[in-house]
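Dropping a structure here in structure tokens format, bear with me for questions.
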Amino acid sequence: MSDNVFDILNERGFVAQVTDEEALRKKFATEQVTFYIGFDGTADSLHAGSLVTIMAMMHLQKAGHRPLGLIGGGTTMIGDPSGKTELRQMLTQEAIEANGRSLHAQLNHYLNFDGGDAIPENNATWLLELNYVTFLRDIGRHFSVNRMLSAEAYKQRLERGLNFIEFNYQILQAYDYLELYRRYGCTLQMGGDDQWGNILAGVDLIRRVEGVTVQALTYPLLTTASGAKMGKTATGAVWLDKEKLNSYDYYQYWVNCDDRDVEKLLKTFTFLPLDEIQRLVALQGAEIREAKRVLAYEATVITHGEAEAHKAAETAQAAFSSGTSSNDLSGMPSTNIVSSRLEAGVGVLEIFTETGLTKSNGEARRLLKQGGVYVNDTRITDVHAALSLADLSGTEILLRAGKKKYHRLIVE
RNA sequence: GGAGGGUUGCCCGAGUGGCUAAAGGGGGCUGACUGUAAAUCAGCUGGCUAUGCCUUCGGCGGUUCGAAUCCGUCACCCUCCA
């Protein structure tokens, strides 16, 4: 370990706040640190927002430390008030458990629970069977309500109303840290900067109960240059699950990023060396697209693997670079259609909606009127236009909505 | 438990009997310009078997020729009092 992992994290922009930088550096340099990050169990797939966390874990793991992926199966039943203005929607226990399993399977892809020494955990294991009175005696007495109330996270909620159940969230998260310290010797918790208060509560609790000083590190909450949260688009979250978002669209998400975000994204979501990133970011004007392609490729490799990333890149190249002869569109989303339907003629509006390019016939009609409907790269202007066998090029028809959304219609 | 205020389209928010598929903003989409970027400009932004029809203003029921708008009731949220 010539370079301290702390520096790697720091250089790449993963560090917002640390409890004790010197102590943490020393730990990283001298021992294997078991660290944990909690994942909320409200969905059955992680999205690009969680990637920051995952990348941080991977960096530490590469440096020889031991990641502990904690699914908040128990805490999800409560809801974290931090950064939210409303009570989180309650999920059934069954749904939360199912989500937990999916999330662990996903994390396994990045952290390798099976082969390596990474540890999957779920706080439902200890939280669900807590005895209320015992918990109050042993843990509750260490928490000062005064201090909790003065925390920024609660202040805002106090204006609007804070449910008792949510008020307990921090205590439970603190307790998680204690449990993980006891069970696995976990001495570092990381998380988004909005978790700082909750994480510190755990650090305090461990000091009071065990007399041991453990560490906390948060990374900045990433937003795009236009102010949106990472991993969310208007059409939905950027899921990491291939079933929910195919590799091509995933690749496209990264390629379409804002120029101003490229450097940050490369540092955070790829493992490329910093000097390479500097070289890419130095590109000017349209050349910056090269940096975006690298970003998209690298990011897709990490999540979907090299083969998928390669296919996505080829497909994007074929679709967007008119000069090239590459015709590999295999990565593009597609829909099958029986040839008899084409023989009879299928309305363009109908087919756009059927493939999901538009959500309704009305939307398709609107799109067409505005000049955003293309078939085989030719703009369609007639609302009543229909596709027939004559539109086939090979065994497929290329549909496009607007400038960027492609879809292949494959005849079987 | 008592008194009052609120619940409108993806989000915020105006509307307090017909001119309301519902102002305005945000977001999104399309087009132009470009570099699959940003900024800017213009248009669009409930559904359909579409010069018309249907559904939408928390749920249900009522008054009315006509209701997001009035009445009743239920649900949820907020504020003040306990």
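Below, read A as the first sequence line, B as the second, and so on, with proteins coming before strands; counting in each chain starts at 1. Quick note: numbers below take in every heavy atom, side chains included, and nothing from hydrogens, waters or symmetry partners.
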Under 4.0 Å protein heavy-atom contact, by nucleotide of nucleotides 44-56 of chain B - B base, S sugar-phosphate only: SS-SSSB------
Of the listed nucleotides (U36(B), G31(B), G35(B)), which one gets closest to any side-chain atom of Tyr374(A)? G31(B)
Tell me which nucleotide, if any, is Watson-Crick or G-U wobble paired with A75(B) when both distances must be under 3.5 Å. U7(B)
Anything under 30° is parallel, anything over 60° is perpendicular, the rest tilted; go ahead and classify Trp254(A) against Phe269(A).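 Ring orientation, 0 to 90° scale: tilted.
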Using a heavy-atom cut-off of 4.0 Å across all strands, would you classify Glu287(A) as base, sugar-phosphate, or nothing?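 Here Glu287(A) touches no strand at all.
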Least distance between heavy atoms, Ile71(A) atom then Gly100(A) atom: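 For Ile71(A) versus Gly100(A), the nearest heavy atoms are CG2-CA, 3.8 Å.
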Using the P atom on both, measure C10(B) against G58(B) and round to a whole Å.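 Between the two P atoms, the distance is 13 Å.
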Any strand: nucleotide that pairs with A42(B) via Watson-Crick or wobble, under 3.5 Å: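 U30(B) - that is the nucleotide pairing with A42(B), both distances being under 3.5 Å.
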Using atom C1' of each nucleotide, how far apart are U36(B) and C78(B) to the nearest Å?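 After rounding to an integer number of Å, I get 47 Å for this pair.
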Gap between atom CD1 of Ile302(A) and atom CZ of Phe271(A) - 0.5 Å precision: 5.0 Å
Would you kindly give the CG-to-P distance between Leu368(A) and G43(B), to the nearest whole Å? 20 Å
Could you tell me the separation between the CZ atom of Arg289(A) and the P atom of A37(B), rounded to a whole number of Å? 9 Å
Atom P, compared across G24(B) and U34(B): separation rounded to whole Å: 32 Å
With C1' as the reference atom in both, quote the distance from U49(B) to U64(B) in angstrom, rounded to an integer.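 These two C1' atoms come out 34 Å apart once rounded.
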In whole angstrom, what separates Asn256(A)'s CG from U34(B)'s C1'?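 To the nearest whole Å, that distance equals 14 Å.
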Do the ring centers of His65(A) and Phe35(A) come within less than 6.0 Å of each other? no
Going by atom types alone, do Asp7(A) and Asn4(A) pair a side-chain donor with an acceptor below 3.5 Å? no
Rounded to the nearest Å, what distance is computed from the CG atom of residue Leu357(A) to the P atom of nucleotide U30(B)?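 Checked: the CG to P distance equals 11 Å.
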Please enumerate all residues that pass ring-ring contact (aromatic ring centres under 6.0 Å, His included) together with His407(A), with sequence neighbours excluded. none
When the distance from CG of Leu265(A) to P of A37(B) is rounded to whole Å, what number comes out? 16 Å
Using Watson-Crick or G-U wobble geometry with both distances under 3.5 Å, which nucleotide pairs with G1(B)? C81(B)
Taking any heavy-atom pair under 4.0 Å as a contact, classify Lys292(A): base, sugar-phosphate, or nothing. base
Integer angstrom distance from the C1' of G66(B) to that of A3(B): 35 Å
Which nucleotide in the set U30(B), A37(B), A38(B) lies at the smallest distance from any side-chain heavy atom of Lys405(A)?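 For Lys405(A), the side-chain atoms sit closest to U30(B).
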Using the P atom as the point on both nucleotides, what is the distance between G15(B) and U7(B), in whole Å?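 The same atom, P, in both gives a distance of 10 Å.
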Pair Phe320(A), Tyr406(A) - check ring-ring contact (aromatic ring centres under 6.0 Å, His included), show working. CA-CA 10 Å; Phe320(A) 290 101; Tyr406(A) 283 94; 5.5 Å; yes
Could you check how far NZ of Lys404(A) sits from C1' of U36(B), rounded to whole Å? 5 Å
Earlier contact from the 5' end, RNA chain B, for Gly371(A) and Asp259(A):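 The 5'-side residue here is Gly371(A).
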Write down the distance separating the C1' atoms in G72(B) and U63(B), rounded off to the nearest Å. 10 Å
So, is Lys369(A) close to the C29(B) phosphate, meaning a side-chain N or O under 4.0 Å from OP1 or OP2? no
The side chain of Arg379(A) lies closest to which of these nucleotides: U30(B), G31(B), A37(B)? G31(B)
Strictly below 4.0 Å, N to O, side chains only: are Arg147(A) and Asp204(A) in salt-bridge contact? yes
What's Ala316(A) touching, base or sugar-phosphate or nothing? Going by heavy atoms closer than 4.0 Å. base
Pairwise C1' distance, C11(B) and C60(B) [rounded to whole Å]: 27 Å
Carboxylate-amine/guanidinium contact Lys292(A) Glu287(A), below 4.0 Å: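 Salt bridge flag = no for Glu287(A) with Lys292(A).
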For Ile380(A) and U30(B), what is the distance between atoms CD1 and C1' respectively, to the nearest whole Å?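 My rounded result for the distance is 16 Å.
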Check the distance between U36(B)'s P and Glu290(A)'s CD and give it to me in whole angstrom.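 Going from Glu290(A) (CD) to U36(B) (P), I get 14 Å.
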Would you mind classifying the nucleic acid contact of Asp258(A) as base, sugar-phosphate or nothing, using non-hydrogen atoms under 4.0 angstrom? sugar-phosphate
